[in-house]
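Beneath this line is the structure, given in structure tokens, with notes to follow.
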Amino acid sequence: MDGTGGNPGRGEEAAAPETAAAPEESVHGESLDRPLPEGVRHRVVALAAEAFGGLTPAELPAVLRPYARFTPSRRAKFAATALATALEGDPSFRQRVGARLREAEPELCEALDAGTPPPAVDPLDVAAAAYLLRPAGWAKLVAAAGEEAQRVSAERAGEEAQRELRQLKAELDEARAQSRNEAVRVRTELEAARKEAESLQRKLRSAASDVKRAEAALRKVEAELDETRAAAAAEKASADGEARRLRARLAEAEQAVEASRRAAREGRSTEDMRLRLLLDTVLDAASGLRRELALPPRDTLGARPADTVDAVMPGAISPKDIARRALSEDDPALLDQLLALPQSHLVVDGYNVTKTGYPALPLEKQRLRLLGGLAVLAAQSGAEVTCVFDGADLDAPVLLAPPRGVRVLFSKAGETADELIRRLVRAEPPGRPIVVVSSDREVADGVARAGARPVASTLLLKRLARV
């Protein structure tokens with residue numbers, strides 16, 4: 001036994017990096033004399049992130065193992081620096097990535113091994129493959145790709161500069177045209193203002209003549225007025241004495257009338273104030289008593305005297321009564337009838353539904369697909385919807401924006417989603433219609449004992465298929 005008989009493939013794969021690293025350094029002896037071009041670096045990181053998922057944790061460098069469960073796009077985004085460092089400093093990891101590349105792009109890899117890279121392939125792809133596979137002349141291919149990327153970037157920058165120059169010229173021409181138009185408009189307005197000023201000057205001269213004539217007439221009237229004043233002064237002197245006597249008597253009468261009015265007004269205001277204060281006291285006391293007794297508003301009283309008489313009410317049904325209707329347990333219309341009950345609350349065992357309907361999807365996509373369907377269902381039915389996921393094993397918080405109309409909850413550490421669902425049911429007041437979606441028999445039996453109506457996950461999936 002050579003120690004690898006139990007798993008020969010794994011032994012060869014583990015030994016391959018050590019045997020391949022030596023020729024890479026001794027035969028080609030090539031290295032980059034400058035940093036890896038940015039475009040080539042992005043392409044190399046993208047290839048490594050794509051090949052990342054096909055490697056076992058033992059085949060990954062220790063620094064990259066925390067990203068093993070990431071998607072390729074998230075790996076390329078969050079682990080770009082770690083990937084580039086591992087590819088440069090760990091030949092074994094780079095050779096494993098190169099082996100994955102050979103499986104994905106055999107023609108490109110064979111052409112690089114033969115020293116004839118295909119001209120129709122993107123230079124960045126050629127340079128990235130050469131960096132990973134390290135054939136003869138790989139450093140020149142990488143350097144050439146960097147120069148090509150710089151040339152293309154320079155051409156694009158030049159084209160952008162030309163485009164901006166043309167745009168600035170067009171804006172300058174437009175500004176000049178606007179300036180000319182504005183100058184013509186200002187000259188036109190200035191000419192109109194000049195003509196208006198001449199007209200106003202003519203009117204001013206005419207008005208000045210009218211003022212002079214009016215001043216002469218005023219002086220004549222003032223002379224006549226002085227004579228009249230002198231004649232009236234004597235009459236006024238005799239009338240003033242009589243007027244003073246009459247004013248004194250009038251003032252006394254007004255004071256008497258005002259005193260009587262004030263007395264009447266003050267008496268009426270005092271009575272009104274006392275009555276208003278008494279009324280406000282009664283209203284405040286009644287409002288405080290209503291708040292203390294937690295009484296509902298008069299228009300929303302839940303019960304009347306006639307409601308206390310024992311009788312059968314028409315149309316009064318509960319979630320348990322729905323089960324006696326002529327609908328089978330797998331008919332989606334059953335769920336519609338349950339959600340049509342007043343103030344109904346739909347509680348969904350999230351992973352129980354997603355792993356029943358689409359277990360092949362990743363958990364993140366399972367959640368998004370289910371929540372999208374529940375948002376439409378909540379908008380159609382108007383019911384309160386709560387979706388519960390098991391969060392006991394989460395390593396980090398889930399970045400998720402709940403859709404409108406759907407409450408999303410994760411169970412705490414040390415608690416399962418089943419326990420959280422039972423706590424949600426117990427939190428509701430007795431008599432409220434609560435529908436729990438779960439195919440777990442233990443969950444269904446537990447919520448049924450608490451007064452909720454359990455339905456199978458397949459029923460919700462059939463209903464969401466109609467959304």
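Note that these values count all heavy atoms, side chains included, but never hydrogens, waters or copies made by symmetry.
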Let me see the working for R466 and Q380 under side-chain hydrogen bond (donor to acceptor under 3.5 Å, both in side chains), right down to the final yes or no.
CA-CA 12 Å; R466 291 165 37 192; Q380 292 175 349; over 6 Å; no
Note to self: side-chain contact (heavy atoms from CB on, under 4.5 Å), that's the test. Do D390 and F410 meet it? Break it down for me.
What the structure shows: CA-CA 6 Å; D390 194 347; F410 286 86; over 6 Å; no
How far apart are the C-alpha atoms of L409 and F389, what are their side-chain angles, what is the distance that settles it, and do they pass the side-chain contact (heavy atoms from CB on, under 4.5 Å) test? CA-CA 6 Å; L409 300 176; F389 293 105; over 6 Å; no
Does the side-chain contact (heavy atoms from CB on, under 4.5 Å) test come out yes or no for R463 and D336, once each step is laid out?
CA-CA 8 Å; R463 177 60 181 83; D336 291 333; 2.5 Å; yes
Q.
Under the criterion side-chain contact (heavy atoms from CB on, under 4.5 Å), I'd like the reasoning laid out for V425 against V436: C-alpha separation, chi angles, the key distance, then a yes or no.
A. CA-CA 9 Å; V425 173; V436 178; 3.8 Å; yes
| field | Full working for salt bridge (charged side-chain N to carboxylate O under 4.0 Å, His left out) between K412 and E415 | value | CA-CA 5 Å; K412 298 184 297 184; E415 182 186 37; 5.2 Å; no
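Nearest heavy atoms, D440 versus E442: OD1-N, 3.0 Å. When all heavy atoms are compared, the tightest approach of T458 to S439 is N-OG, 4.5 Å. Pairing each heavy atom of D90 with each of P61, the nearest pair is OD2-CG, 3.6 Å. When all heavy atoms of V408 and P402 are compared, the pair lying nearest together is CG2-CB, 3.8 Å. Here the shortest heavy-atom pairing between P359 and Q366 reads O-NE2, 3.4 Å.
One finds a salt bridge joining R432 and E384 here, because a Lys/Arg side-chain nitrogen approaches an Asp/Glu carboxylate oxygen to under 4.0 Å. In this structure, D445 pairs ionically with R441, as a charged nitrogen and a carboxylate oxygen lie closer than 4.0 Å. Ion pairing between a basic and an acidic side chain is recognised when a charged N comes within 4.0 Å of a carboxylate O; R163 and E160 show such pairing.
Counting heavy atoms from C-beta on, the side chains of L346 and L377 come closer than 4.5 Å. Annotation: side chain of V435 is not in contact with side chain of V347 (no heavy-atom distance under 4.5 Å). Considering only heavy atoms from C-beta on, E171 stays 4.5 Å or farther from R166 through its side chain. The shortest side-chain heavy-atom distance between L371 and C387 falls under the 4.5 Å cut-off. Residues L370 and L464 are in side-chain contact: their nearest non-hydrogen atoms beyond the backbone lie under 4.5 Å apart. Under the 4.5 Å side-chain criterion, counting only non-hydrogen atoms from C-beta, V388 is in contact with T386. Contact check for F93 versus L60: side-chain heavy atoms found under the 4.5 Å cut-off. Using a 4.5 Å heavy-atom threshold, the side chains of L374 and R369 count as separate.
Going from atom CG of L459 over to atom CG of D331 covers 7.5 Å, rounded to the nearest 0.5 Å. Separating the OG atom in S344 from the CG atom in L335 is a distance of 9.0 Å, to the nearest 0.5 Å. In this structure, CD1 in I434 is found 7.5 Å from NE2 in H345, a value given to the nearest 0.5 Å. Here L460 contributes atom CG and N352 contributes atom CG; the two are 10.5 Å apart, rounded to the nearest 0.5 Å. Taking CG of L168 as the reference point, atom CG of L172 lies at 8.5 Å (rounded to 0.5 Å).
Inspection of the S457 and T356 side chains reveals no N or O donor paired with an N or O acceptor under 3.5 Å.
Within 6.0 Å of CZ on R176 lie no more than 12 heavy atoms contributed by other residues, nucleotides or ligands. For E196, the CD atom is loosely surrounded, since the number of other residues' heavy atoms within 6.0 Å does not exceed 12.
The side chain to side chain contact (heavy atoms under 4.5 Å, CB included) test with D349 is passed by exactly one of L420, I421, V447: I421.
Remark: R74 qualifies as a cation-pi partner of F70 under the 6.0 Å distance and 45° angle criteria applied to the six-membered ring.
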